[in-house]
Amino acid sequence: MATDTDWKLTRTFNSTSGDVRWDRLGQPGRPPVVLLHGTPFSSYVWRAVARSLTRHHQVFVWDMPGYGTSEKAPGQDVSLAAQGRIFTELLSHWGLAEPLVVAHDFGGAVALRAHLLHGARYRALAVVDPVALAPWGSPSFRLLGEHSHVFEQLPPPLHRALVREYVGSASSPGLHPAVLDRLVEPWLDGPGQAAFYRQIAQADQRHTDEIQGRYSEIGLPVLVCWGEDDTWIPVAKGRELAALIPGARFEPIAGAGHLVQEDAPAELTAALIAFLQQQL
């Protein structure tokens with residue numbers, strides 16, 4: 001399994017919620033695809049898919065404010081509402097009028113909010129185990145959010161153990177140790193520890209409640225991919241979401257948990273390439 005320790009974002013965009021690190025891969029002029037990560041992850045989870053897509057596309061990747069290598073700061077707005085606005089800002093900054101969009105988890109809600117509330121236009125949208133339908137948030141997720149001020153003060157070894165266990169639970173077969181190390185690394189220093197609990201504390205279901213009733217308005221090609229063994233958001237939610245979006249296609253992925261990119265990268269990449277090629 002490729003761990004790609006050299007995965008780096010080399011460009012910076014100054015957003016209204018802090019500096020955003022981003023990059024683009026592939027040749028200019030090819031149809032653009034934008035990849036959105038989930039929480040508590042970063043663009044790193046897309047590394048294999050992104051490089052595969054460069055055969056036919058120019059691929060844009062970014063770490064949301066408060067995540068990965070982007071800015072993490074006290075008082076920072078990292079809510080779904082903020083991320084939807086920032087994604088709209090980024091599309092304008094990149095000059096992408098109607099890109100293809102692929103979004104995982106929390107990033108799915110960001111892409112949906114940008115489209116339905118901020119007028120962001122896409123040629124097509126693929127969502128992978130997205131946060132989109134109420135109710136969401138496990139009991140442990142809610143506990144962390146409600147008591148974030150307490151967990152922020154955990155001694156570093158305890159915090160590290162908690163984050164490793166939490167992130168690891170997103171995989172069904174289990175993560176490669178080097179991949180797990182890379183996924184938890186942004187959350188382990190002082191600013192990262194505070195940011196980890198900040199993003200959970202600001203995760204508010206009302207931000208999907210605001211758009212859930214409007215999924216029937218989506219008039220573009222949509223693919224809904226879902227890991228059949230997802231214990232964070234059950235696969236039934238994927239079927240429910242696909243049924244709410246006119247013409248959406250549902251693609252279950254066997255043997256994969258919530259982090260489909262890590263559990264079944266070949267299967268996910270094949271499904272995405274087939275869908276994206278249909279839009280060209």
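With salt bridges taken as basic N to acidic carboxylate O contacts below 4.0 Å, none links Arg21 and Asp63. One finds a salt bridge joining Asp77 and Arg85 here, because a Lys/Arg side-chain nitrogen approaches an Asp/Glu carboxylate oxygen to under 4.0 Å. Note on Lys237 versus Asp129: no salt bridge recorded, every NZ/NE/NH1/NH2 to OD/OE distance being 4.0 Å or above. With salt bridges taken as basic N to acidic carboxylate O contacts below 4.0 Å, one links Glu98 and Arg121. Under a 4.0 Å N-O distance rule, the pair Glu262/Arg47 qualifies as a salt bridge.
With sequence neighbours excluded, the residues satisfying side chain to side chain donor-acceptor pair (under 3.5 Å) with Trp232 are Ser169. Residues passing the ring pair (Phe, Tyr, Trp, His ring centres under 6.0 Å) test with Trp187 are Tyr67, Phe196, sequence neighbours excluded.
Smallest separation of non-hydrogen atoms from Arg198 and Pro74: NH2-CA, 3.5 Å. When every heavy atom of Phe41 is checked against every heavy atom of Leu259, the shortest pair comes out as CE2-CD1, 3.7 Å.
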Residues Thr12, Asp19; criterion side-chain hydrogen bond (donor to acceptor under 3.5 Å, both in side chains); working and verdict: CA-CA 6 Å; Thr12 302; Asp19 286 348; 5.9 Å; no
Leu158 and Phe151: CA distance, side-chain angles, deciding distance, side chain to side chain contact (heavy atoms under 4.5 Å, CB included) verdict: CA-CA 10 Å; Leu158 289 179; Phe151 286 100; over 6 Å; no
Steps toward side-chain hydrogen bond (donor to acceptor under 3.5 Å, both in side chains) verdict (Trp7, Ser43): CA-CA 9 Å; Trp7 179 262; Ser43 61; 3.2 Å; yes
Test side chain to side chain contact (heavy atoms under 4.5 Å, CB included) applied to Asp204 and Leu80, step by step: CA-CA 8 Å; Asp204 193 327; Leu80 275 170; over 6 Å; no
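Across Leu223, Val222, Leu125, a single residue satisfies side chain to side chain contact (heavy atoms under 4.5 Å, CB included) together with Ile245, and that is Val222. Of the residues His147, His149, His159, the one that meets the ring pair (Phe, Tyr, Trp, His ring centres under 6.0 Å) test with Tyr197 is His159.
The CD atom of Glu165 sits 9.5 Å away from the CG atom of Leu180 when rounded to the nearest 0.5 Å. Here Met64 contributes atom CE and Ser17 contributes atom OG; the two are 12.0 Å apart, rounded to the nearest 0.5 Å. Between Thr88 atom OG1 and His93 atom NE2 the span is 14.5 Å, to the nearest 0.5 Å.
The aromatic rings of Trp46 and His104 sit perpendicular, their planes meeting at an angle over 60°, well past the 30° parallel limit. Using cut-offs of 30° and 60° on the angle between ring planes, the pair Trp62 and His37 is tilted.
Proximity of a side-chain donor or acceptor of Arg164 to a complementary backbone N or O of Val184 within less than 3.5 Å is not detected.
Between Trp226 and Phe250, the distance separating the two ring centers is not shorter than 6.0 angstrom.
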